[in-house]
Amino acid sequence: MIEKAAGRILGKLLAILLAGVSVNVAQAAEPEGIPPELVAEYIHAVIQVDRSIYSTHVVEQLQDRKVAVAAEDWKEKGALPLPAQLLQMAGQEVQGLGLGLHIRLSSLGPVYTKNGPVDQFERAGLEAVAKNPRKPYTGIITERDRRYFKAIFADRAVSMACVICHNRHPLSAKRDYKLYDVMGGIIISFPVR
Ligand code: HEC
């Protein structure tokens, strides 16, 4: 009797253990996703590198050689778009692809009010990256029943050109920028499950 009961208990224990093993195996076999923080870092890196290459190897070179200049009203003037405009245009184009990917340049003291924060999350994020530019501000937001991962990366005045143009722009909401100040943020969001 005792042996039978012990056998049954052992059998049950083994079954439980094996079930545990099979669950673990099944979990291990699941493809591991890339954390959204890392995806945002990748997208941000590409944006920043493209912007920097465009600024140095296209805008500056052509301006130095007196071939062309970058100007805000580039369409009318037949000039080159400003790097900020290139980024905003890329953001609009990418939105048109229907991936749910959104990219834009924003600021608490923007040239255009349309570039200001659209909600409390963006406002809090722009304030946070202004205080701690090294750390992106991230979170999950829900819009029309869809969950999005949103990341805000600090955008700093890396050259005097940023400072001079923004401080001089007639529509700029802030005119006391200094070199290396955080001027705003690059906001990246994409759908997550
Ligand atoms: C020659 C002028 C000029 C220069 C140089 C310039 N910007 Fe801008 N920036 C603009 C204009 C104009 C806009 C608005 C573009 C739009 O949305 O149409 C803008 C937009 C922005 C925005 C979005 C918020 C806003 O102000 O509307 C940020 C952030 C920004 N620029 C940061 C920078 C940084 C950082 C640099 C240097 C790396 C820089 N800018 C260089 C003119 C300039």
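Atoms within each ligand, like the ligands themselves, are counted from 1 in listed order. Side-chain atoms are counted along with the backbone in the values below, which use heavy atoms only and exclude waters and symmetry mates.
Residues Leu108 and Pro117 meet the side-chain proximity criterion, which asks for heavy atoms closer than 4.5 Å.
Side-chain N or O atoms of Thr56 include one that pairs as donor or acceptor with a backbone N or O of Ser52 at under 3.5 Å. Between the side chain of Asn167 and the main chain of Tyr177, a donor-acceptor pair closer than 3.5 Å is present.
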Which protein N or O atoms sit under 3.5 Å from any N or O of ligand 1? Give atom names and distances.
unit_1, atom_1, unit_2, atom_2, d
ligand 1, 7 (N), His166, NE2, 2.9
ligand 1, 9 (N), His166, NE2, 2.9
ligand 1, 17 (O), Lys114, NZ, 2.9
ligand 1, 17 (O), Asn115, ND2, 2.9
ligand 1, 26 (O), Val111, N, 2.8
ligand 1, 27 (O), Val111, N, 3.1
ligand 1, 27 (O), Asn115, ND2, 2.7
ligand 1, 31 (N), His166, NE2, 2.9
ligand 1, 40 (N), His166, NE2, 2.9

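The aromatic rings of His44 and Phe153 sit parallel, their planes meeting at an angle under 30°, below the 60° perpendicular limit.
With sequence neighbours excluded, the residues forming a side chain to side chain donor-acceptor pair (under 3.5 Å) with Glu122 are Arg104, Lys150, listed by chain and number.
Among Ile186, Val46, Leu86, the single residue meeting the side chain to side chain contact (heavy atoms under 4.5 Å, CB included) criterion with Arg51 is Ile186.
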